[in-house]
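Atoms considered below: every heavy atom in the structure, side chains included; atoms not considered: hydrogens, waters and symmetry mates. Not measured: the values here are computed from a predicted model.
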Amino acid sequence: MDVTLLKSEINYKYVRSSGSGGQHVNKVSSKAELYFDLSKSSVFNDEEKQKLSEFFNNRLTKDGVLILACDESRSQFRNKALVTQRFLELIQEGLKEDKKRISTRVPRLVKRKRLKAKRINADKKANRKPPTLE
């Protein structure tokens, strides 16, 4: 994955932050919004795009655009850096290969314990029945 090429495909938009904060918040657009079009990206191949679209299934818009926002800091530059860092971490997490589970044998003691509990439960239920007179 080429990070510089990936960063070149990102679009940023700056808007006013929500919430309280006085005059500064009302004047300055410090909230950074990151827009990344996954379907038009040339960084990833089709298999990686499919994997990322499954990973981002709830975060993508109908057009296949990922939108991330950050308004933690009062600085526009800091918010841009934070949202970019968060984006790169999400991409790495989405492309990570899952480890294959190696199945192991069920231990003999576990099987005995299960069968013993099963036998106790069966005896308990059998004792509830009225005795048969022959």
Students should find that the hydrophobic cluster of Leu133, defined by side-chain heavy atoms under 4.5 Å apart, otherwise consists of none
Would you say the side chain of Val83 lies within less than 4.5 Å of the side chain of Glu33, judging by non-hydrogen atoms?
-> no
Give the other cluster members for Ile67, using side-chain heavy-atom distances under 4.5 Å between Ile, Leu, Val, Met, Phe, Trp and Tyr residues; answer none if it is isolated.
-> Tyr35, Val65
By side-chain hydrogen bond (donor to acceptor under 3.5 Å, both in side chains), which residues pair with Glu54, not counting sequence neighbours?
-> Gln50
Keeping to residues at least two apart or across chains, list the side chain to side chain donor-acceptor pair (under 3.5 Å) pairs with something in residues 56-66.
-> none
Pairing residues for Lys51 by the side-chain hydrogen bond (donor to acceptor under 3.5 Å, both in side chains) criterion, not counting sequence neighbours | Glu97
Main-chain N/O of Ser29 paired with Gln76 side-chain donor or acceptor, under 3.5 Å | yes
Any donor and acceptor pair, going by atom type alone, linking the side chain of Ser8 with main-chain N or O of Leu5 inside 3.5 Å?
-> yes
Is there a path of hydrophobic side-chain contacts, each under 4.5 Å between heavy atoms of I, L, V, M, F, W or Y residues, that connects Leu68 with Phe55?
-> yes
Distance-only, no hydrogens or angles: does the Lys31 side chain make a donor-acceptor pair with backbone N or O of Tyr14 under 3.5 Å?
-> no
Residue pair Asn11 / Phe36, side-chain heavy-atom distance below 4.5 Å = no
Listed partners of Glu48 passing salt bridge (Lys or Arg N to Asp or Glu O under 4.0 Å), at least two apart | none
